[in-house]
Amino acid sequence: MKHVNRTLLVAGLVAAGHAATAQSVGSACGCPDVSARPQVLLSTLVDGNNNLSSAATTLSCANLYILNTRVYVNNGQDLFIEPGTVIKANSTPGAGHAISVSRGGQIWASGSEACPIIMTAAADPLDGTYSVLNRGQWGSLIVLGRAYTNKRTADGDPTATATDGVGTIEGLAPGDNRHLYGMPIGQEMNDDNSGVLRYVSLRHGGQIIGANNEINGLTLGGVGKGTSIDHVEVISNLDDGFEMFGGTVDLKNLVAAHCDDDYIDWDQGYNGRLQFIYGIQGPDNSGGANNQGDNAFECDSDDAATNFGNGGLRSTPVVYNATIIARNLNDEALEMKERTQGKVINSIFARFARGLNMTTECAGFWNANQMEVRNCTFQEVGTPLRINNVVPAPGSPEQTKFAADGNLSVGANALIDATYTMGANNSLTDRVNPVPAAGAVAAQTTLTPPVDGFFTGAKYRGAFQPGATPWTEGWTLAAQIGLDVAASAGCTGDLNRDGLVNTTDFGLFVNAFGTTCY
């Protein structure tokens with residue numbers, strides 16, 4: 001039998017093919033090769049306090065920008081970033097070089113599939129070979145707004161302020177008004193507009209700037225629904241991928257991969273909508289450098305129970321169509337705690353130790369349908385349901401409700417190929433396929449997202465339409481290094497579409513031999 005290792009062939013072409021194209025980010029938009037762009041230090045565009053020195057600042061793809069300081073976009077200021085622009089951040093331990101949009105500031109980073117905007121580490125050659133193990137090389141992107149939060153003075157933690165509804169964002173120091181998010185009670189602006197993030201890739205961030213103080217890949221504090229966020233990727237962040245501290249902002253088409261903590265984290269009364277989320281941890285659980293990731297979703301209302309006696313609202317976001325793959329059978333797919341509510345529907349979670357993991361209080365919300373998990377598929381998840389560290393007995397009311405809500409538990413690789421092997425420089429000798437086969441039963445659903453101007457009416461489970469090309473293709477690092485099916489879909493004989501033609505495919509062929517295809 002002929003053994004064609006297509007992935008190794010692709011890896012062998014990295015030096016030739018990727019090196020030839022790595023510097024052509026934005027070429028479809030007329031941008032010059034990155035190697036030919038003159039370098040501009042972002043410190044030259046700010047004043048002595050790291051505030052943008054102009055009311056409106058534009059970053060052009062004609063230049064390569066070096067983030068060598070923290071940059072603040074303050075109230076009344078606009079930061080425009082053209083499609084195809086690349087920002088490389090210097091790695092200065094403890095500095096946390098980041099772009100921070102303060103309340104009333106706006107960022108307009110509207111890339112495209114052909115011309116994404118990339119923010120990454122200075123050492124990244126942009127050819128897909130900069131290891132995903134390089135996390136925490138710089139800060140990342142922080143956006144702060146004026147929408148509702150349930151942050152209260154009584155929280156008593158370092159991020160609390162003397163004003164109920166206003167907090168100091170995680171990762172930045174207290175005492176600086178530029179680090180505040182939310183508004184005093186009664187002054188919230190839930191339709192607040194902090195700008196646009198579209199086709200943006202944030203890579204290798206989350207630098208530690210103090211004890212237990214890292215910056216998330218994309219931090220959103222009190223961000224309002226007037227803000228547009230879609231097609232945003234976070235790769236190799238040292239903390240969470242996406243974290244929302246209160247606010248009402250909606251998010252769509254998100255990618256999180258190789259991050260060191262949770263992939264989606266909400267808290268402090270977050271009440272937005274999310275759809276099409278792809279996450280992949282990995283690739284192992286050996287305790288070494290590859291050991292990474294925590295929960296798929298960590299879901300809180302707030303750590304302080306007293307907030308709800310002071311008029312505070314709970315988190316009630318609505319999520320459709322997530323696919324998140326864990327490292328080796330570890331952590332929780334849905335960690336529901338701290339009085340959260342909300343909905344997670346039509347999603348796929350693979351290789352987690354536990355699926356829906358709830359505190360007793362959240363289980364009360366779940367039983368009352370104030371918190372819902374419906375039509376989700378849990379693949380190779382050892383404990384699909386656990387409440388207060390106890391697994392309900394088979395046939396119990398809890399297990400009956402879990403099944404009646406349309407949730408499925410299936411075996412390893414029954415719906416998607418969720419295992420992969422990664423070597424040096426992101427080379428793959430086995431790869432995942434997060435796209436279910438067309439007609440796959442475990443990807444079918446009886447629920448369709450509401451037609452409300454935000455959700456797409458995707459009547460299937462998971463982030464990707466079964467049998468279709470994934471929406472990650474063309475603009476993400478995940479696609480470039482082979483963490484989706486797009487690059488292997490055309491390999492003849494690759495029946496499980498993992499990038500290889502080998503004995504596994506032969507076994508699939510033998511099992512199907514003699515059947516009739518219609």
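The chain is numbered in sequence order, starting from 1. The basis for the numbers below is simple: all heavy atoms, side chains too, and nothing from hydrogens, waters or symmetry mates.
Contact of the V132 side chain with the I481 side chain is registered, since non-hydrogen atoms from C-beta on lie closer than 4.5 Å. For the pair V381/S409, no side-chain contact is recorded, criterion being any heavy-atom separation below 4.5 Å from C-beta on. Counting heavy atoms from C-beta on, the side chains of F297 and I277 come closer than 4.5 Å. For the pair P83/Y199, no side-chain contact is recorded, criterion being any heavy-atom separation below 4.5 Å from C-beta on. Contact check for V71 versus H97: no side-chain heavy atoms found under the 4.5 Å cut-off. You'll find the side chain of H258 reaches within 4.5 Å of the side chain of L483, heavy atoms only. For the pair R203 and L126, the minimum side-chain heavy-atom distance is below 4.5 Å. Contact of the T219 side chain with the S140 side chain is not registered, since no non-hydrogen atoms from C-beta on lie closer than 4.5 Å.
Atom NZ of K337 is surrounded by more than 12 heavy atoms from other residues, nucleotides or ligands within 6.0 Å.
Using a 3.5 Å distance cut-off with no hydrogens or angles, the side chains of Q341 and T316 do not pair a donor with an acceptor. Under 3.5 Å, the side chains of T129 and D127 contain a donor-acceptor pair of N or O atoms. Inspection of the Q137 and N134 side chains reveals no N or O donor paired with an N or O acceptor under 3.5 Å. A donor-acceptor pair shorter than 3.5 Å cannot be found between the side chains of N253 and D230.
In this structure, D452 contributes its side chain and F454 its backbone to a donor-acceptor pair below 3.5 Å. Side chain of N295 to main chain of E332: a donor-acceptor pair is present (N/O by atom type, distance under 3.5 Å, no hydrogens or angles). Checking side-chain atoms of Q281 against main-chain N and O of R327 turns up a donor-acceptor pair under 3.5 Å. In this structure, the side chain of D240 does not engage the main chain of F242 through any donor-acceptor pair within 3.5 Å. Of the possible donor and acceptor atoms, one in the side chain of S301 sits under 3.5 Å from a partner among the backbone N and O of S315. Judged purely by atom type and a 3.5 angstrom limit, N321 uses its side chain to pair as donor or acceptor with the backbone of Y460. At distances below 3.5 Å, not a single donor-acceptor pair connects side-chain atoms of W475 with backbone N or O atoms of I117. Under the 3.5 Å distance criterion, the side-chain polar atoms of T227 are left unmatched by any main-chain donor or acceptor of K225. Distance alone, capped at 3.5 Å, is enough to place a donor-acceptor pair between the S131 side chain and the L133 backbone. Under the 3.5 Å distance criterion, the side-chain polar atoms of Y263 are left unmatched by any main-chain donor or acceptor of A257.
Annotation: the span from D265 atom CG to D239 atom CG amounts to 8.5 Å, rounded to 0.5 Å. For the atom pair CG (N68) and OG1 (T92), the distance works out to 8.0 Å, reported to the nearest 0.5 Å. To the nearest 0.5 Å, atom CD1 of residue I348 and atom CD1 of residue I416 are 5.5 Å apart. Rounding to the nearest 0.5 angstrom, the gap separating the CG atom in D300 from the OH atom in Y270 is 14.0 Å. Rounded to the nearest 0.5 Å, atoms CZ (R374) and CG (L447) are 7.5 Å apart. Rounded to the nearest 0.5 angstrom, F349 CZ and L334 CG are separated by 4.0 Å.
C115 has its SG atom 2.5 Å or further from the SG atom of C61.
The heavy-atom pair separating C376 from N407 by the smallest distance is N-OD1, 3.0 Å. Shortest non-hydrogen contact noted between Q379 and G411 is CG-O, 3.1 Å. Of all non-hydrogen atoms in V249 and L251, the two that sit nearest each other are O-CD1, 3.8 Å. In terms of heavy atoms, G139 sits closest to A98 at CA-CB, 4.2 Å. In this structure, A479 and G474 approach most closely via the heavy-atom pair CB-N, 4.5 Å. Among all heavy-atom pairs drawn from V255 and W471, the shortest one is CG2-CZ3, 3.7 Å.
For an aromatic pair to be called close, the ring centres must be under 6.0 Å apart, and F276 with H231 fails this. For F378 and F352, the gap between ring centers reaches or exceeds 6.0 Å.
Screening T323, T445, T377 for a side-chain hydrogen bond (donor to acceptor under 3.5 Å, both in side chains) with R461, the sole residue that qualifies is T377. For the side chain to side chain contact (heavy atoms under 4.5 Å, CB included) with H204, the lone residue among T120, L238, V234, N237 that qualifies is T120. For the side chain to side chain contact (heavy atoms under 4.5 Å, CB included) test with I87, the passing option among I118, I81, L141 is I81; the others fail.
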Notebook entry, point to check: Can you list the steps and then say if E233 with T472 is a side chain to side chain contact (heavy atoms under 4.5 Å, CB included)?
Noted result: CA-CA 9 Å; E233 173 185 55; T472 50; over 6 Å; no

Check: Run the side chain to side chain contact (heavy atoms under 4.5 Å, CB included) check on T149 and F245 step by step: do they pass?
Finding: CA-CA 7 Å; T149 84; F245 297 88; 6.0 Å; no

Item checked: Stepwise side chain to side chain contact (heavy atoms under 4.5 Å, CB included) check, E243 with D262 -> CA-CA 9 Å; E243 184 160 7; D262 309 309; over 6 Å; no

Margin query: Quick one, V373 with M358, criterion side chain to side chain contact (heavy atoms under 4.5 Å, CB included). Give me CA distance, side-chain angles, the key distance, then yes/no.
Written below: CA-CA 11 Å; V373 176; M358 297 180 284; over 6 Å; no

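Applying the side chain to side chain contact (heavy atoms under 4.5 Å, CB included) rule to T448 yields the partners K459; only residues at least two apart in sequence or on another chain are considered. Residues passing the side chain to side chain contact (heavy atoms under 4.5 Å, CB included) test with A440, sequence neighbours excluded: L415, P436, A443.
Between D250 and R273 there is a salt bridge, with a side-chain nitrogen of the basic residue lying less than 4.0 Å from a carboxylate oxygen of the acidic one. A salt bridge does not link R354 with E335: every distance from a Lys NZ or Arg NE/NH1/NH2 to an Asp or Glu carboxylate oxygen is 4.0 Å or more.
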